[in-house]
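Keep in mind that what you see is a predicted model, and the values were worked out from it rather than measured. Residue numbering restarts at 1 for every chain, and letters A, B, ... go by the order of the sequence lines.
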Amino acid sequence: MTQPEDLFKNLISHAKEYGFIFQSSEIYDGLSAVYDYGQNGALLKNNIRQYWWQSMVQLHENIVGIDAAIFMHPTTWKASGHVDAFSDPLIDNKDSKKRYRADVLIEEHVAKIEGKIEKEVEKAAKRFENFDEKMFRSTNARVLEYQKKIDDINARFKNALEKNDLAEVKQIIVDCEIVCPVSGSKNWTDVRQFNLMFSTQLGSVSEEASTIYLRPETAQGIFVNFLNVQKTGRMKIPFGIAQTGKAFRNEIVARQFIFRMREFEQMEMQFFIRPGTQKEWYDKWKETRLSWHKALGISEKKYRFHDHIKLAHYADAACDIEFEFPFGFKELEGIHSRSDFDLKQHEQFSGRKQQYFDPELNQSYIPYVIETSIGLDRMFLAIMASSLKEEKLEDGSERVVLSLPPQLAPIKAAIFPLVKKDGLPEIAEKIINDLKFDYNVTYDEKDTVGKRYRRQDAIGTPYCITVDHESLTDHCVTIRDRDTMKQERVAIDKLKSIIEQKVSLTSLLKKIA
RNA sequence: GCGGAAGUAGCUCAAUUGGUAGAGCUCCAGCCUUCCAAGCUGGAGGUUGCGGGUUCGAGACCCGUCUUCCGCUCCA
């Protein structure tokens, strides 16, 4: 039995060997957690994106798609909370290897001292009958000493944050003799700022330039265009806006192949609804999204829902669709009931109303939002991981086959002349010229036909079509199925409709419509 | 970021205590003309991740660095 670890390694080398995924800038030793899609990977990725896009925009009359810019006004990220949430000062304890937010450590320390004051107050209250708490707090030597400590720390901390002086933040931790709750040691690293957003300069003159960020998520491009789309598209609630695109996060730890990358692509849809209806729409979209996955025919056991117990401040319900990757169940897609948080924030920061007039209720409101957000690269990985198989055949030999959903396969059919003479290549070429307008097809005449079959198996091509000597007279060819390895003799002019049945996205979309 | 393991041809891997960098598959040209990777001939492909050091001599030993995988950590 192959170990999951080996499976994962096989997957990575298979992805490279057959032109699906290369490490970025490999000739310069690579760039950490950045990957390029190769000739087959790009096709597979496009097909996944197209399946998603059509399932959203084409199958739903009330969902439209946009393509927002990666650069956005810097205030966008203040409104969304990313500027604050994505830039914590962090510190590690060298003994316990635990990482903490430096500000939290200091705040906890302050809270501890406050606790001591409360204890003094309690003790005194028991001792004296006519206890004047206010008087005690303002005169008792010990309390005053504690209070001075607190004020000093807070003042220093505030000052350090304002100056962005991380050395001073560390010094505060050292001076306060704060210990690691786990190891109890004071062996700290320096404080470092991890801003998860990539920043760059807008404008060519650096002094006048303002800092802008590469978007850490695509969602905000939809929220800031909410009214544009609603008005110009004459959209009525409930309606959705879909988008696919790159997002960027400067992850501290980015690993596990393309699972967590610094540059990644999201496919997401924000569905705007009437407040109070979020529960029903949340359930509806959970179901809709799962059926999108199921239609691909990947084992249903590999999927599961994981409900968030601890919710983000804006959400009133959230769950992930998790997929069983070679390294365990991990998040593939998120479905979040985001309430009116985002639009409300943008209304506040921009000073522009972000409201919808509901003619049925005859009133205006900020819509609630249900979000579905899936990582395209993760979907790619999920499909690759569940498709790559080593099969033992009846005759004892083995074959490596990538049993991709046929509709997503990079190449739909390969056409071979059984031998490369006697006019067979010419017939093969004619078939290709006929099919290439509808499908991505390929030609191969090298090596034995069996070898050519296996080559196509390795990249997941659903059909191989072989031209033989009989084809010259009967105008038929054999068509060989990737999964069953069965061959069938069919008329050349029937090829298009046979392939169509198996590989068109339509068949997939019909399953979920 | 910490700890562990690893990096040799496109892929999978060899190379005795430090002593001429090799094989299989792949790829290319040709022969053969074959329906499930297996025939024949020839060929290409490498500053052993990169940079230093020790040595008469380094793929191997030492230091640094980059990258990857695993665990911890982190994660809207």
Side-chain angles (χ1 to χ4, degrees), chain A residues 3-6 8-19 22-35 38 80-82 85-86 88 90-101 182 187 189-190 192 194 196 216-217 219 247 249-257 259-260 308 310-315 318 320 326-327 330-331 334 336 338 341-342 371 373 391 393-395 397-401 416-422 424 445-458 464-470 477-482 484-487 489:
Chain A
Q3 295 301 307
E5 233 176 80
D6 298 330
F8 192 38
K9 280 186 178 158
N10 284 346
L11 175 63
I12 293 168
S13 63
H14 190 91
K16 181 187 177 185
E17 186 167 4
Y18 290 95
F22 307 123
Q23 193 179 7
S24 164
S25 321
E26 199 186 8
I27 62 167
Y28 294 109
D29 284 337
L31 189 60
S32 181
V34 184
Y35 292 89
S80 69
H82 284 86
F86 267 27
D88 304 323
L90 299 177
I91 189 166
D92 290 3
N93 184 274
K94 287 179 188 166
D95 297 315
S96 66
K97 312 288 181 206
K98 296 280 176 191
R99 170 169 295 160
Y100 302 91
R101 279 175 54 175
V182 174
N187 193 8
T189 63
D190 288 339
R192 282 153 305 184
F194 289 103
L196 262 61
E217 65 172 27
R249 288 185 195 177
N250 197 4
E251 300 280 357
I252 304 161
V253 177
R255 264 196 316 217
Q256 279 162 327
F257 198 35
F259 183 79
R260 179 168 294 132
H308 290 199
K310 228 175 89 187
L311 295 171
H313 54 289
Y314 57 76
D320 298 333
F327 38 86
K330 298 274 179 181
E331 178 183 354
H336 302 231
R338 292 182 78 124
F341 176 82
D342 299 276
E371 168 189 83
S373 174
E391 282 184 354
L393 302 179
E394 284 171 15
D395 63 2
S397 64
E398 285 184 8
R399 74 159 180 163
V400 175
V401 58
F416 311 142
L418 188 60
V419 294
K420 57 179 170 192
K421 61 178 187 183
D422 303 335
L424 303 191
E445 60 174 26
K446 180 96 175 114
D447 299 313
T448 65
V449 75
K451 208 165 190 175
R452 286 178 262 168
Y453 287 152
R454 298 303 173 84
R455 270 206 284 270
Q456 295 303 321
D457 288 343
C464 291
I465 294 159
T466 304
V467 178
D468 56 27
H469 288 95
E470 285 171 52
V477 290
T478 52
I479 183 163
R480 178 257 194 191
D481 184 277
R482 176 194 69 197
T484 63
M485 296 171 71
K486 292 249 166 65
Q487 296 176 38
R489 193 154 186 90

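- Within the model, atoms CZ of A/Arg249 and CD of A/Glu217 stand 6.5 Å from one another, a figure rounded to the nearest 0.5 Å.
- For A/Arg260 against B/C75, a side-chain N or O and a base N or O form a donor-acceptor pair under 3.5 Å.
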### Message
Strictly under 4.0 angstrom, non-hydrogen atoms only: write out the protein contact profile of nucleotides 35-40 of chain B, one letter per nucleotide from the 5' end, B, S or -.
### Response
BBBS--
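- For the pair A/Ser13 and B/U12, the criterion of a side-chain N or O lying under 4.0 Å from OP1 or OP2 is met.
- Partners of A/Asp468 by salt bridge (Lys or Arg N to Asp or Glu O under 4.0 Å), not counting sequence neighbours, listed by chain and number: A/Arg489.
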Nucleotide N/O to protein N/O under 3.5 Å, stretch nucleotides 46-49 of chain B:
from: B/G49; atom 1: O2'; to: A/Asp29; atom 2: OD1; distance (Å): 3.2
from: B/G49; atom 1: N2; to: A/Asp29; atom 2: OD2; distance (Å): 3.3

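- Looking at residues two or more places apart in sequence or on another chain, you find a ring-ring contact (aromatic ring centres under 6.0 Å, His included) between A/Tyr18 and A/His14.
- Using a 4.0 Å cut-off, no side-chain N or O of A/Lys446 falls inside it from OP1 or OP2 of B/C27.
- A/Gln23 has a side-chain polar atom (N or O) that falls below the 4.0 Å cut-off from OP1 or OP2 of B/U68.
- Remark: A/Arg455 engages A/Asp444, A/Asp447 in a salt bridge (Lys or Arg N to Asp or Glu O under 4.0 Å) (not counting sequence neighbours).
- By the side chain to side chain contact (heavy atoms under 4.5 Å, CB included) test, A/Glu17 is found to be paired with no residue, residues two or more places apart in sequence or in another chain being considered.
- Under the Watson-Crick or G-U wobble criterion, with both distances below 3.5 Å, B/G51 is paired with B/C63.
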